[in-house]
Every structure is written in structure tokens, then in C-alpha cells.
Amino acid sequence: MGLTKQYLRYTASALFGVIASQKGNIVYVALRGEKGRYVAVPACEHVFIWDTRKGEKVLILQGLKQEVTSLCPSPDGLHLAVGYEDGSIRVFSLLSGEGNVTFNGHKAAVMTLQYDHLGGRLVSGSKDTDVIVWDVINESGLYRLRGHKDAVTQALFLREKNLLVTSGKDTLVKWWDLDTQHCFKTLVGHRTEVWGLTFVSQEKRLITGAADSELRVWNITYIQEQATDPNEPESKKSKGSPAKAEQTSEVDETSDLDETPEERLLRCNKAGSIMREGRDRVVTLATDRTGRILACHGTDSVLEVFCVLTEDEICKKMEKKMRKAKKKTKQKSEEEEEEPEGSVEMSLQEEIQRVTSIKASAKIKSFDLILSPKGELKATLLLQNNTIESYILTPSAQVPQVVRASKITIGGHRSDVRTLAFSSDNIAILSAAAESVKIWNRSTLQCIRTMACEYALCSLFVPGDRQVIIGTKTGKLQLYDLASGSLLETLAAHDGALWSISLSPDQRGFVTGGADKCVKFWEFELVKDENGTQKRLSMKQTRILQLDEDVLCVRYSPNQKLLAISLLDCTVKIFYTDTLKFFLSLYGHKLPVLCMDISYDGALIATGSADRNVKIWGLDFGDCHRSLFAHDDSVMTLQFVHKSHLFFTAGKDHKIKQWDADKFEHIQTLEGHHQEVWCLALSPSGDYIVSSSHDKSLRLWERTREPLILEEEREMQREAEYEESVAKEDQPVVAGETQGETGLAGKKTIETVKAAERIMEAIELYREETAKLKEHQAICKAAGKEVPLPVNPILQAYGNISPSVYVLEVFKKVKSSELEESLLVLPFSYVPDLLVLFNEHIQRGSEVELLCRALLFLLRIHFGRITSNQLLMTVIENLKKTTISKVSEVRNVLGFNMAGLQFLRREIEAKDEVTFFADATDRFEEKRRKRKKKEKLVLAMV
């Protein structure tokens with residue numbers, strides 16, 4: 001066997017440069033006992049917790065691969081639910097930062113997440129049009145609700161009723177009865193997509209935001225409430241609550257589009273509209289935790305804030321209005337009687353008052369509000385330009401003043417990074433975007449310099465790493481000093497965009513290429529500064545090469561004899577550096593060559609094009625060695641690893657790939673970016689790669705000592721493709737169940753298939769061991785003496801447990817959220833053995849809850865086949881007796897424990913009260929002693 005070439009694996013090392021991603025929402029989280037200080041934001045696949053006061057990152061909730069699309073904190077503030085692009089949901093603990101619970105049910109991105117008021121249930125709405133309710137405590141799915149015809153945009157639990165309301169891009173708002181799991185009412189009063197909804201006025205009003213400038217307000221009347229007190233006089237209702245009076249008047253209107261024959265739970269009638277200042281669609285509509293403050297924003301940079309009046313405030317306003325009305329009528333005519341109270345009404349605009357508008361520095365993507373007990377409103381905004389801003393205002397003030405409390409900007413660029421460079425010592429990283437140049441420390445990932453610049457397209461570190469040069473979109477060369485962070489010099493180098501810059505191998509100068517069809521040669525020189533006392537670095541143009549097409553990329557050969565120039569006509573021209581005479585033309589690409597690089601020995605040149613191909617050429621004769629289909633979209637950047645013929649490419653298909661230019665093989669793919677990769681830079685040592693993307697992130701990749709074997713890599717890739725295909729297969733169908741409004745919460749994944757396989761293997765082992773035991777007993781009987789039984793190594797590893805206990809152990813290891821789907825995949829031939837084992841374990845009282853849950857699910861999905869099997873009837877009868885008795889025992893134990901805990905709580909509360917009064921008495925006695933002592937001193941002095 002011949003020696004194989006050994007490669008070393010590159011792995012993801014760090015993510016930086018991103019403050020907050022735009023796909024998800026921003027939320028306040030309670031951390032370290034403080035509210036209104038820390039915010040959670042999506043950051044690609046992770047979640048960052050930022051301290052808005054210090055502008056520091058305090059916690060990172062590590063994700064896997066998919067991008068975060070939705071966040072929701074639990075009511076107790078201890079957990080954070082995170083929804084992802086692939087439809088999965090993870091619940092993280094904010095104390096430990098670990099995600100222990102995972103829910104898989106959606107097929108597309110999670111659009112909205114919401115807890116109920118106790119935090120026991122979680123509802124998720126997705127782009128796949130489904131709504132799923134999850135049991136957070138049991139870590140399992142409850143049911144799936146189908147009905148929307150487009151993506152679900154918002155879902156909210158009602159606090160007092162077991163109801164759910166959802167909105168979608170199908171213009172519908174649906175009301176769901178969670179007791180019967182069906183949609184009992186649909187609001188069809190919207191003509192466009194419903195992007196948000198929220199409750200105000202103690203859930204008696206619903207506000208919806210659509211793709212126009214109206215916020216529609218709906219009055220909600222609960223039928224049960226009306227039925228409880230039908231004899232209440234109408235005058236009393238209107239007197240007690242004007243809002244209720246308005247509701248009852250609205251209820252009589254039966255001509256609305258949303259009226260349906262079935263109104264057994266509630267009525268929902270349109271009360272009116274509140275006009276927004278923005279003319280575009282509502283992006284986010286939400287209230288604070290108290291429901292007192294309502295805010296919304298569109299696709300612009302203005303957050304509109306409204307205040308919802310309470311019933312007491314409405315009553316005061318009504319009384320004030322009535323007094324004014326009485327005064328007016330008295331002035332008009334003294335003989336005329338008072339107007340009836342019902343004639344004075346509150347308009348919707350008076351009940352929901354506009355407070356102010358918050359103007360952010362860029363377009364708003366999401367916001368969250370928190371109202372302090374003192375009445376101070378804090379609003380945190382997630383902006384489109386990778387920024388978080390926090391504002392403070394007092395809504396109750398006569399003229400509310402909006403004050404910006406903090407702004408987190410230093411950790412990233414405002415726009416996409418278009419150029420990257422490494423310093424010669426591998427320590428500093430340069431990144432430049434449309435507005436600034438930043439220098440990062442590679443080891444700490446901290447930004448150490450930020451310098452304003454024009455739209456940067458290319459960059460390099462000047463030899464010595466004390467200055468950097470930036471090439472801009474306007475054709476200028478900008479020279480910056482890193483020590484002072486100042487702009488030393490700006491030169492108008494090209495008439496069009498300056499696309500490429502390449503340092504000469506002798507490090508005395510560089511070459512630039514631009515859209516003005518010119519290649520210009522520059523040399524470094526020392527000139528006197530403005531004071532004339534010291535010398536500083538400058539640049540001087542020495543030569544110019546005029547070409548027929550726009551120049552996209554330029555590269556020196558390592559010996560500085562040749563210069564490669566990529567042109568807009570899809571060719572690469574090679575010139576002699578000293579005479580500028582034409583040497584070779586490399587043609588073959590169908591679209592322009594966007595990037596290229598020459599190997600360290602000058603033997604090969606690799607070119608990457610917008611036609612998605614990479615071509616490897618020999619520089620001696622200009623022959624094409626191989627053409628590789630590299631990416632699924634344009635190849636944006638290409639660079640050789642130092643002292644090797646390995647090179648990296650990055651493309652618009654979100655991937656970075658490593659190639660071998662000698663063997664023409666694809667070595668590995670670095671996946672992590674969620675959008676187009678614009679550029680990458682390799683460190684001079686080849687140990688590090690830094691890449692930038694349209695998702696605003698910078699990623700650092702590190703070369704490990706782990707060898708990479710191509711055959712294993714291909715095998716892993718095939719396994720991943722197989723797992724993906726398994727997950728995309730049709731979902732198993734439950735016999736007898738139709739595709740109605742409700743369904744199972746989970747979905748088939750590779751994990752559920754593996755869990756089912758483990759259960760099948762355990763049952764197979766149980767069957768084998770049972771057969772062996774019977775055979776052994778027969779041998780012992782025939783021999784008339786005890787013969788030792790060989791122990792199964794698997795059971796021995798578990799501590800010599802019995803086969804039935806081993807099956808239970810395997811069952812316990814199946815994730816709670818995947819149990820139903822795993823049993824659904826399980827073939828029926830294994831079910832009879834499972835029922836026998838369930839009966840055995842439930843009789844012992846072990847894992848009663850888990851086994852009863854699995855038993856009831858198996859009976860539900862295999863009911864016909866189980867009841868028709870005569871052999872199982874005795875097992876079912878035994879299970880009926882044992883489950884009822886054992887479940888009753890478990891309930892009794894739980895009830896006893898609950899009563900004991902409540903008793904202890906009462907004892908502790910009583911003890912605290914006694915202690916409090918004892919402390920108060922002691923303090924009173926001490927004060928009296930001090931007063932008497934003081935009186936004695938005064939008397940003595942007198």
C-alpha cells in the first residue's frame with residue numbers, strides 16, 4: 001500500500017464581528033437578579049446576552065448549525081426558548097447557559113414563540129403554517145394545530161381562559177379552544193397579511209397589525225361571563241366601565257364579516273382603528289409585560305409608542321367629560337334637564353393615547369419594552385445595521401422626553417465586510433466595510449482600533465504592520481497609522497472602483513487595479529510630515545499599464561517576475577513585471593474571473609470565476625491543468641496556503657472549501673456562514689483563516705493537529721446525506737386518524753429512528769435471553785444439576801441486570817420529546833413483547849408515568865390489531881388492573897407530598913411573621929430605652 005498524503009483538519013474556532021442578527025427578535029432577560037439591564041439577541045446560530053449598561057457580552061448560548069429566528073423568555077426569567085431556521089426549538093437555562101430541552105416538530109423556520117402565564121406550556125408558530133403546543137415540564141409535544149394557509153406570524157395564550165389566538169400571512173386571525181383542540185372562530189376582517197397581534201385592557205381588547213397603516217382594535221366579549229350575571233342592569237354596566245359599555249354596544253352589531261354561527265365561547269367585534277404614522281407594513285407589534293404600553297414599528301426607523309388607559313383612568317376621564325357636558329348644557333339653558341350619562345362616550349383614540357415616537361439611528365428590526373414600577377419605560381431596539389440601542393422615557397410626563405441610554409456598536413461593522421487581511425505576525429486582523437476599518441486581536445477577538453473610511457474594497461498591511469492601506473470604491477488609496485488610528489494620506493489612484501491590491505514580494509511597493517482599465521505601480525517612500533520635523537510613510541506612483549478592459553484582480557508571482565491581471569472579458573493576462581510585455585493569456589472561463597492566487601513556488605495559478613468554476617493553470621506554458629466545479633454560486637475569493645499547493649475558495653453558496661492543486665481533490669468544506677461569503681484571509685503561517693459574510697459575522701478557523709483522511713470524510717458526507725434524506729421522508733401515518741385540524745406534535749427525525757432501533761435491539765436481546773433461559777432450565781432439568789449460565793456482555797456492562805430491566809433502561813434514555821415518534825416508527829411485531837414488559841414493570845411500580853404514557857400511545861396507534869389479537873387480551877386485562885391501581889398510588893403520593901409542602905410553606909410564613917413582629921417589638925423596646933437614657937442625661941445636666 002502506497003503512502004497517502006496527509007492533510008490537517010481546519011475547525012471553527014470563534015465567531016465575532018456580529019452584535020445581533022436580523023432574523024430573530026430582541027428580548028429583555030432577567031439575569032443576576034436584575035431586570036431591564038440584560039438583553040438576549042440572536043447572533044447567527046448562537047444567542048448573545050448583552051449588558052446594555054456596560055456594552056459587554058456576558059453570556060453566549062451555544063447553538064448548533066441553524067440560524068436563530070425567534071426568542072422568548074419564560075415568565076419566571078430562568079429559561080429562554082430559542083427557535084431555529086430548521087424548525088427546532090431549544091430551551092436554555094439562563095443560570096448555566098446550557099440547552100437541555102429540544103423540541104422537533106416544525107419543518108420550516110420558527111416564526112413566533114410564546115409561553116403561557118405559568119410557564120408550563122410553550123406555543124410555536126412556523127413558516128410551515130402549523131402551530132404546536134409543547135409541554136415544557138414533561139419535555140414533550142402536546143398537539144399540532146393546522147388551519148393557517150400561510151406562515152404563522154404570532155401566537156398568544158389567553159391568561160384566564162384555555163384559549164389560543166394566532167395570526168398568519170393568510171390574512172386570518174384564528175381562535176383555538178385548547179380543551180377540544182379545534183378552531184372555533186376566524187376573524188376575516190383583514191385584507192392583507194396579519195403581521196402581529198397583542199392583548200390590552202386585561203384581555204378585553206385585541207389589537208392587530210397588518211400590511212397597512214391601521215392598527216385594528218377588536219372588542220372581546222366572553223359569553224360565559226355574560227351568562228353568569230344576565231340580570232345586571234345596563235345602566236350599571238355602562239357606569240362601572242365605559243369600555244364594557246362600548247363592548248356591549250358593539251356586540252349587537254351582527255353585520256360584521258367575522259360573525260360565525262358558533263359563538264359559544266366569545267364574541268369578537270371590531271371597535272375601530274388607530275392610525276400609525278408609518279405607511280408601510282407592521283413589522284413588530286407588542287406590549288410590555290403589564291399591557292400598559294403598546295408599541296409598533298414598520299420597515300423604517302421610527303418606533304411609535306402608545307399608552308393604554310386603565311379602567312380607573314377611563315372612569316375619571318368620563319366623569320370629567322360628564323362635568324363639562326353638564327356645564328355646557330347649564331350655560332345653554334337652565335330649564336333644560338341634564339343629558340343622560342350614556343350620551344358621553346370615550347373615543348378609541350382617547351382610550352389608547354399616542355405617547356411619542358422614538359427615532360432610531362437606522363431601520364428597526366425588533367424591539368422589547370419593560371415598564372419599571374416607578375413608571376419609567378425602557379425600550380431596547382435591534383437595528384438593521386448590526387447595532388443595539390436602548391432608550392428611556394416617562395410615558396406619564398406631560399411632554400415625554402426620549403433619552404438614548406446606551407448604544408452597542410464597537411463589536412461589529414455597520415455593513416458587510418468586503419476585505420480582510422492578516423498582519424505578518426499572525427496576531428492582528430484587519431476588516432474593512434463601507435464605513436470603517438477595524439483592527440482585531442486574533443487571540444482575544446477584541447476590537448482594538450476603529451477608523452472611519454470610505455467604502456473599502458481591498459486592503460493590506462504595510463510591511464512592519466504599523467500602517468494599513470485601504471482601496472475604496474471611489475478609486476482612492478487611504479493610508480492609516482495604527483498607533484494613532486489616524487488617516488495619514490489619501491490619494492486619488494483610479495477613476496473608478498479600486499478592485500484589487502497586491503504587495504510586491506520585495507515589500508518595497510504594491511500594485512493596484514481598478515475599473516478605469518489601468519494597473520498602477522506604487523512604491524513606499526518617506527516624506528516629511530506637516531511639522532517638517534519627522535518623516536512618515538507615503539506612497540508614490542511609478543508606472544502605469546493601460547488595458548482594454550476593467551481590471552478585477554491583480555497578483556504578483558513570488559519571484560516578482562510576472563504579474564497576473566484578471567479582466568472583465570473573462571480572461572487572465574500575464575505580463576512581465578520589468579518590461580510590462582505580454583506573456584500569456586489564460587482563457588476558458590465563461591464569466592469574469594473574480595479572484596486568483598499564485599502558489600509559493602510560482603508553478604501554479606488558480607483562478608475563481610463567477611461561472612462557479614475554479615481552474616488550475618501552469619504558469620510556465622499557460623496550460624489548464626484541471627477545471628473544478630467548486631461552488632453552487634460565484635467564487636468570491638481564493639487563496640493558497642503558504643508553502644503548499646493547497647488553496648481555499650469561498651463562494652456565494654455560504655461555503656468555504658479546501659482543495660489540493662496537485663491531486664485536484666476537494667479536501668474539506670467549512671460550513672458555518674448563513675449567507676454569501678464575501679472574502680477570506682489566510683494567516684502567513686497558514687494556521688488560521690478568517691472569513692466574512694453577508695450575515696455580518698466574521699469567523700475564525702484554526703488548523704488542528706488532527707489528520708484528515710479523505711475516504712473517512714467522504715463516508716461522513718454520505719452518512720449526513722442519508723440522515724437528511726431519512727428526515728425528509730414522509731411522516732408515518734397513525735391508523736384511523738385523518739389529516740384534520742389537530743395532529744401529533746413531533747416529527748420523524750434521524751434521532752427518533754435511532755431511538756426506535758435501540759428499542760428494537762433491546763427487545764431482540766430480551767427475546768434471545770428469554771429463549772436461552774428456557775433452554776438452560778431444560779438442560780439443568782435433564783442433567784439433574786445446576787449448570788452455570790453464560791452472561792450476556794451487554795447486561796454485564798450494565799451491572800448484571802435482567803433483560804427486562806435492560807429494556808426499561810433503554811426506554812428511559814429516549815428523550816421525552818422523541819418518545820411518541822420513536823414508538824410510531826416501531827414495527828407492530830415488537831409491541832406484544834413491550835406490553836408484557838410494561839405489565840411486569842408497572843406491577844413493580846417502576847417508572848409508572850413513563851410506561852403509562854408509552855402504553856396509552858401504543859394502544860391508540862395499534863388499537864385495531866391489539867384488540868383483534870386473542871393472545872393479548874389477557875395482557876390487556878392485567879394491564880387495566882395494574883395501571884389503575886398503580887396510577888392511583890402515584891397520585892396519592894403526589895397529593896400527600898403537595899399537602900406536606902403546603903403545610904411547610906404555611907409554617908415558614910407563620911414563623912416569618914412571628915420573627916417580624918418580634919424584631920419590631922425589640923426595636924421598639926430599644927428606642928424606649930434610648931429615650932429614657934436621654935431623659936436621664938438631660939435631668940442630670942439640669
Side-chain angles (χ1 to χ4, degrees), residues 21-25 42 45 63-72 81-91 101-115 121-136 140-157 164-176 178 181-183 186 190 192-197 211 283 674 723-734 737-753 817-818 820-821 824-825:
S21 299
Q22 299 165 23
K23 276 197 176 179
N25 58 307
E45 68 271 22
L64 300 173
K65 285 185 179 178
Q66 299 296 328
E67 206 167 359
V68 175
T69 55
S70 183
L71 299 175
C72 180
V82 183
Y84 293 91
E85 186 77 30
D86 63 344
S88 63
I89 300 162
R90 293 178 74 195
V91 181
V101 184
T102 303
F103 297 128
N104 282 302
H106 293 292
K107 296 176 185 173
V110 178
M111 297 276 284
T112 177
L113 288 170
Q114 195 69 41
Y115 278 95
R121 291 179 300 174
L122 177 71
V123 65
S124 60
S126 167
K127 276 186 180 176
D128 64 3
T129 74
D130 288 350
V131 176
I132 301 178
V133 181
W134 307 91
D135 185 345
V136 179
S140 62
L142 293 174
Y143 36 80
R144 182 188 301 266
L145 303 172
R146 304 186 188 97
H148 283 285
K149 299 290 185 287
D150 207 337
V152 179
T153 54
Q154 186 63 280
L156 295 173
F157 284 105
L164 179 74
V165 60
T166 61
S167 64
K169 288 170 74 175
D170 55 0
T171 75
L172 303 177
V173 174
K174 286 183 173 286
W175 292 82
W176 306 84
L178 298 183
Q181 296 151 33
H182 82 288
C183 175
T186 303
H190 302 87
T192 54
E193 300 99 332
V194 182
W195 288 99
L197 54 85
V283 175
H674 301 287
E723 288 179 3
E724 197 176 337
S725 66
V726 166
K728 284 182 179 176
E729 285 175 6
D730 292 335
Q731 298 295 313
V733 180
V734 180
E737 288 201 3
T738 57
Q739 191 82 356
E741 278 189 340
T742 185
L744 292 174
K747 71 170 181 179
K748 182 182 175 184
T749 60
I750 192 65
E751 284 80 15
T752 60
V753 173
S817 57
E818 295 169 0
E820 278 85 0
E821 287 298 321
L824 200 56
V825 176

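Scope of the values below: all heavy atoms of this structure, side chains included, with no hydrogens, waters or symmetry mates.
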* Asked: Would you find a donor on one side and an acceptor on the other, under 3.5 Å apart, between the side chain of Ser140 and the backbone of Asp135?
  -> no
* To do: Report yes or no: does Ser167 contribute a side-chain atom to a donor-acceptor pair with the main-chain N or O of Thr153 at less than 3.5 Å?
  => no
* Asked: Run the side chain to side chain contact (heavy atoms under 4.5 Å, CB included) check on Ser124 and His106 step by step: do they pass?
  -> CA-CA 9 Å; Ser124 60; His106 293 292; 2.7 Å; yes
* Asked: Backbone N or O of Ala151 within a donor-acceptor pair of the Lys127 side chain at under 3.5 Å?
  -> no
* Say whether Gln154 and Thr112, considering side chains only, have a donor N or O and an acceptor N or O under 3.5 Å apart. => yes
* Structure fact -> One should read off an interatomic distance between Lys23 NZ and Glu85 CD, to the nearest 0.5 angstrom, of 3.5 Å
* Stepwise, does the side chain to side chain contact (heavy atoms under 4.5 Å, CB included) test hold for Thr749 with Glu821? -> CA-CA 8 Å; Thr749 60; Glu821 287 298 321; over 6 Å; no
* Got a second to check how far Glu751's CD is from Asn104's CG, nearest 0.5 Å? -> 6.5 Å
* Does the pair Leu178 and Leu142 meet the rule for a side chain to side chain contact (heavy atoms under 4.5 Å, CB included), with working shown? -> CA-CA 10 Å; Leu178 298 183; Leu142 293 174; over 6 Å; no
* Structure fact -> Separation between CZ (Phe103) and CG (Leu122), nearest 0.5 Å, reads 6.5 Å
* Structure fact -> Between Lys149 and Asp170, the two heavy atoms sitting closest are N-OD2, 2.8 Å
* Asked: Under 4.5 Å between any side-chain heavy atoms of Arg121 and Val123, yes or no?
  -> no
* Structure fact -> Closest non-hydrogen contact found for Lys107 with Asp128 is N-OD2, 2.9 Å
* Any donor-acceptor pair under 3.5 Å from Arg144 side chain to Gly105 backbone -> yes
* Least distance between heavy atoms, Thr186 atom then Lys174 atom -> OG1-NZ, 3.4 Å
* In Å and rounded to the nearest 0.5 Å, what is the CG to CZ distance from Asp130 to Arg146? -> 6.0 Å
* Between Gly83 and Val110, which heavy-atom pair has the shortest distance, and what is it? -> CA-CB, 4.0 Å
* Indicate the atoms forming the closest heavy-atom contact of Val91 with Tyr115, along with that distance. => CG1-OH, 3.7 Å
* Hey, what do you get for OG1 (Thr69) to OH (Tyr84), rounding to the nearest 0.5 Å? -> 9.5 Å
* Asked: Should the pair His148 and Trp176 be assigned to parallel (<30°), tilted (30 to 60°) or perpendicular (>60°) ring geometry?
  -> tilted
* To do: Using modelled atom types only, decide if a donor and an acceptor are shared between the side chain of Ser126 and the backbone of Ala108 within a distance under 3.5 Å.
  => yes
* **Side chain to side chain, Leu156 and Leu197, heavy atoms closer than 4.5 Å** => yes
* Structure fact -> Taking every heavy atom of Leu71 against every heavy atom of Asn25, the minimum-distance pair comes out as N-OD1, 2.8 Å
* Asked: How long is the span from the CD atom in Glu67 to the CG atom in Asp86, to the nearest 0.5 Å?
  -> 11.5 Å
